[in-house]
Amino acid sequence: MAKVNGKAKLRRTQIRRQRSEQSEPLLKRLRKQIGLASPAIGLGFVVLAIGIVLYGPEPFPYYAGQEVRGPIHARAKFKITDEKATLQSQQDARETTPNYFDLNESLIERIQSEVIGLYTTAQSYDDSAAYQAAAAEQDEATSKNAQWRLTEAGFHELNGLVGDQGTAEFTAWVEKLVEDLKRERLVPKVTEDERGFLAKSSEVILLGAVKNDPDRIIRVEKQDEDEQETAELQIVVNNVYLDRPEDDKDVERSAASMSRTFPVTIRSAISEVLVGALQEAPLFKFNLERTRKEMDAAAASMGELQDIKYRYEEPLAKPPEFVDSTRQASSAQEQSAAPTALSNTYRLNQSHIELLRYEHDRVRQLLDGNLEEDADAEDRAVATSLRDQHYLQQAGRGALVLMVALGLVTYCGLFQDRVIRNPVRALSLALLFLIMMAVARAAHLSDIGVMFPYVVVGPVVMTAAILTMVYSQRFAIGMTCGLAVLITIAVRGDLGTLLVLTAAMAVAVYQLREIRSRHELFSTGLLNAMAAFIVGVVVVLLNGYSLDTAIKQGGSAAMASLLAIAIFFLMLAPIERIFKVATNWTLLELLDTSQPLLSRLAREAPGTFAHSLWLSSMAESACEAVGANGLLAKVGAMYHDIGKVHKAEYFAENQEAHINRHDNLSPTMSLLVIVGHVKDGIELAKEERLPRAVIRFIEEHHGTTVVRYFHHIASEKQKAAGSTREVSESEFRYPGPKPQSKETAVLMLCDGVEGAVRALPEPTAGRIETVVHTVLMERLNDGQFDDCDITLKELHRVEESLVKSLCRFYHARVAYPKPPEPSKPTDPVPVMG
């Protein structure tokens, strides 16, 4: 009766404590449970998620060859340069640019020197006979020199110019000749090849001749020797051509005209000097560099004069049209005015892209507030409307992101509260989501994201895979659905984008439930890629696009999904370290009996090792019956008793027959030895750096249960000593904690029922079932399952699985007949000695 009253008193104390805690304000209770770090991380996640979604200008959403539906209208008024007309006007300007020539000063100096040579030679002889005799003595080549070309009359003319007066008169004649030469319009013909190509053009463009050829307009440039600047520009008509040196008519005519300055007697000699010089070199040299420079300047002066203006809402791209030739019309003009669209879908060409890019840049300019001062009322109204619409869209996106992000934080707190309680895990999860959103947003802002919008499947699939491995399928699918919504908003996607993301994510979560071999890994990647491809193709086809576009977009989704799975498996080791979890590959490695701890357990505590092997099989089957992680439970069962290696002989499964070390110990000391194997096991596990998920099995497989055997002995000794004080169960309980997961709860039941069934003298099926149910109800009534999410229905399935496993182990055996006892001989057998 006293025991019942003590339990009732303890229960009332717990109820009062719970009521006092519930009377505290909600914020204070939350602060006690989760602190301030996790709420701060959640708030930071919400703010940064909004920032990522709203960051950056909208990318140019078109590319050449893109298939679009319906016409694309101008969102603002703008104008562009008519490149074709502008190029034509620049070409015309180049063609009409005159040719520039420079006076051949060296030729002038040569003619001047040869003419003066006539005078000096005539002055060097006394009479004509001596001059002619000297000329006759010259060979054929020398006789062609200018100083030997004078006739007898010419010799007397020049020889008679003596003294300063004669020299001055001849000098005046020469100066007049030079002036006439500089004014003479003997300009060579310039061909198209001589005008040359564009000096700085990447393309070879042949400049055409002047349209008015042969009446070509030219510029003759005369250089001032002192200042080296243009002194005079003459506009002349180029009606005199020197196509070839042997064309003498124009030269002779010009030479005869210019020689009239001199006396008649020497005109022929002067004319011969002029003809010989002008046939060898042009009087004016073509200035190619100056001509090209003027041609470029003329083209540049045209500017961007040819503009095409586009109005607001004017179609910039639209489906192609055709005229129905079978339609009856009163006139060809009426029929041509009635086009019909071939299809609502069409592909953008390069002309469309250039035009749409102009429009896109203009809209960005208006959104940035860069409006011209002379803008009209329509421009200002459109700019205001665009900005208002943009701000409203951004506000709507921000509000939607806020709601989804808060929903993710709430979902995380409801279904994975250990993340909220652990700031490091909360920060890791927040960073994971923010990084994936940033990657998706960066892809959307790039050309790849424009051409292949479904590449954002990659971040969603990778996140789904990580959360499935780290936490659970339910948590992964809920959280990744929220991430899919956030990424859809970030990339300005539609319902089709969300469907592709969620389909790929769901397949990844389902397939990654339990991967234990390379074959399963390969099939997971293929199935995930196939799902992304099929859904992507279907969504694009439903939107009215062609099959090749659907295949291209579906293929991009499949490749992104496959790449995400590959990257995920390459990053498994860093993921395990960051989140401090054990994946299936790590668990499979820990099952190897050559692991140091398992090898030591088998060597130093063989009974415990056999016990762990049996429990690993039972726990795996029971966990799979309730949808828990059977592999994790199997590994946990193998390591749950590794602390017994320190004092293996104190545990029944390792004791030799009839030797019990506890016979010489008090119940309290025995309790310390038994309970100590939990603490010793935790220390050994930490030394070997076992995953935290495995260490939990060592901590929780006994929970806070009572060590019944030694509690009973202590109670009996207390009675034998004549004491009336009852031994409290709390003094003989394990320190805990209670099981926090289904897997550790199942292992607790396996450990309890295995020892109880092993103690049965005759473990029949009925007795096994009774023992299993008794142990389960005892643990349930003791509150050992209060901290885990296992249900009564699942406990019933665990009970059924344990009964089956135990019955298979303790199955009935056939009673073999005993061999007959040997008959005793009547006479002793003689021994031969």
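Scope of the values below: all heavy atoms of this structure, side chains included, with no hydrogens, waters or symmetry mates.
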Open item on the list: Go through it in stages, so that I can follow the logic: the residues are Leu590 and Met638, the test is side chain to side chain contact (heavy atoms under 4.5 Å, CB included), and I'd like the CA-CA distance, side-chain angles, deciding distance and then a yes or no.
Closed with: CA-CA 9 Å; Leu590 292 176; Met638 289 296 298; over 6 Å; no
Going through the checks in order, is the side chain to side chain contact (heavy atoms under 4.5 Å, CB included) test met by Arg397 and Gln394? CA-CA 5 Å; Arg397 293 189 185 105; Gln394 293 292 77; 2.7 Å; yes
- Worked check of side chain to side chain contact (heavy atoms under 4.5 Å, CB included) between Met505 and Cys481: CA-CA 8 Å; Met505 172 270 300; Cys481 278; 3.3 Å; yes
Q.
Walk me through whether Thr586 and Val635 qualify under side chain to side chain contact (heavy atoms under 4.5 Å, CB included).
A. CA-CA 10 Å; Thr586 302; Val635 175; over 6 Å; no
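Relative orientation of the His702 and Tyr734 rings is parallel, given thresholds of 30° and 60° on the angle between their planes.
Remark: Asp447 CG to Phe452 CZ distance equals 11.0 Å, nearest 0.5 Å. Distance check: Gln416 CD to Met479 CE gives 9.5 Å after rounding to the nearest 0.5 Å. Between atom CG of residue Leu598 and atom CD1 of residue Ile642 there is a gap of 8.0 Å, rounded to the nearest 0.5 Å. Rounded to the nearest 0.5 Å, atoms CD (Glu688) and CD1 (Ile695) are 11.0 Å apart. To the nearest 0.5 Å, atom OH of residue Tyr639 and atom CG of residue Leu684 are 11.5 Å apart. Thr704 OG1 to Arg779 CZ: the interatomic distance, rounded to the nearest 0.5 Å, is 10.0 Å.
The backbone N or O of Arg797 lies less than 3.5 Å from no partner atom in the side chain of Ser801, so there is not a single donor-acceptor pair. Asp494 places a side-chain N or O within donor-acceptor distance of the main-chain N or O of Thr497, the cut-off being under 3.5 Å. With Arg492 contributing its side chain and Ile489 its backbone, the two residues share a donor-acceptor pair below 3.5 Å. In this structure a side-chain-to-backbone donor-acceptor pair under 3.5 Å is present from Glu743 to Asn629. Side-chain N or O atoms of Gln511 include none that pairs as donor or acceptor with a backbone N or O of Gly525 at under 3.5 Å. His646 places no side-chain N or O within donor-acceptor distance of the main-chain N or O of Gly643, the cut-off being under 3.5 Å. Asp782 places no side-chain N or O within donor-acceptor distance of the main-chain N or O of Glu778, the cut-off being under 3.5 Å. Proximity of a side-chain donor or acceptor of His701 to a complementary backbone N or O of Phe697 within less than 3.5 Å is detected.
Within the 4.5 Å cutoff, side-chain heavy atoms of Leu429 are placed close to those of Cys412. At a threshold of 4.5 Å between non-hydrogen side-chain atoms, the residues Leu512 and Phe569 count as touching. Between Arg696 and Ser741, the closest side-chain pair of non-hydrogen atoms is not below 4.5 Å. Between Arg441 and Val53 there is no side-chain heavy-atom pair separated by less than 4.5 Å. For the pair Pro453 and Gln553, the minimum side-chain heavy-atom distance is below 4.5 Å. Side-chain atoms of Leu806 and Met618, non-hydrogen and from C-beta on, do get closer than 4.5 Å to each other. By the 4.5 Å heavy-atom criterion applied to side chains, Thr502 and Val535 are not counted as neighbours. Using a 4.5 Å heavy-atom threshold, the side chains of Val675 and Pro735 count as touching.
Across every non-hydrogen atom of Ser805 and Ser621, the tightest pair is OG-CB, 4.4 Å. Taking every heavy atom of both residues into account, Ala504 and Val457 meet most closely at CB-CG1, 3.7 Å. Val771 approaches Ala756 most closely through the heavy-atom pair CG1-CB, 3.4 Å. When all heavy atoms are compared, the tightest approach of Tyr454 to Ala560 is O-CB, 4.4 Å. Shortest non-hydrogen contact noted between Leu802 and Ala622 is CD2-CB, 4.3 Å. Across all non-hydrogen atoms, the minimal contact from Leu408 to Gly478 is CD2-O, 4.3 Å.
Residues satisfying the side chain to side chain donor-acceptor pair (under 3.5 Å) test with Glu799, not counting sequence neighbours, are His773. Taking the salt bridge (Lys or Arg N to Asp or Glu O under 4.0 Å) definition, one finds that Asp641 meets it with Lys644, sequence neighbours left out.
Checking Leu486, Thr463, Val461 one by one against Met436, the side-chain contact (heavy atoms from CB on, under 4.5 Å) holds for a single residue, Thr463. In summary, of the residues considered (Glu700, Glu699, Lys738), a side-chain hydrogen bond (donor to acceptor under 3.5 Å, both in side chains) with Thr744 occurs for Glu700 alone. Applying the side-chain contact (heavy atoms from CB on, under 4.5 Å) test between Phe785 and each of Ile790, Thr791, Leu792 identifies Ile790 as the sole match.
Judged as a side-chain hydrogen bond (donor to acceptor under 3.5 Å, both in side chains), the pairs with a partner in residues 469-491 (not counting sequence neighbours) are, in order, Arg425-Tyr471.
In this structure, Leu672 places its CG atom where more than 12 heavy-atom neighbours from other residues, nucleotides or ligands lie under 6.0 Å away.
Between His640 and His611, the gap from one ring centroid to the other is short of 6.0 Å.
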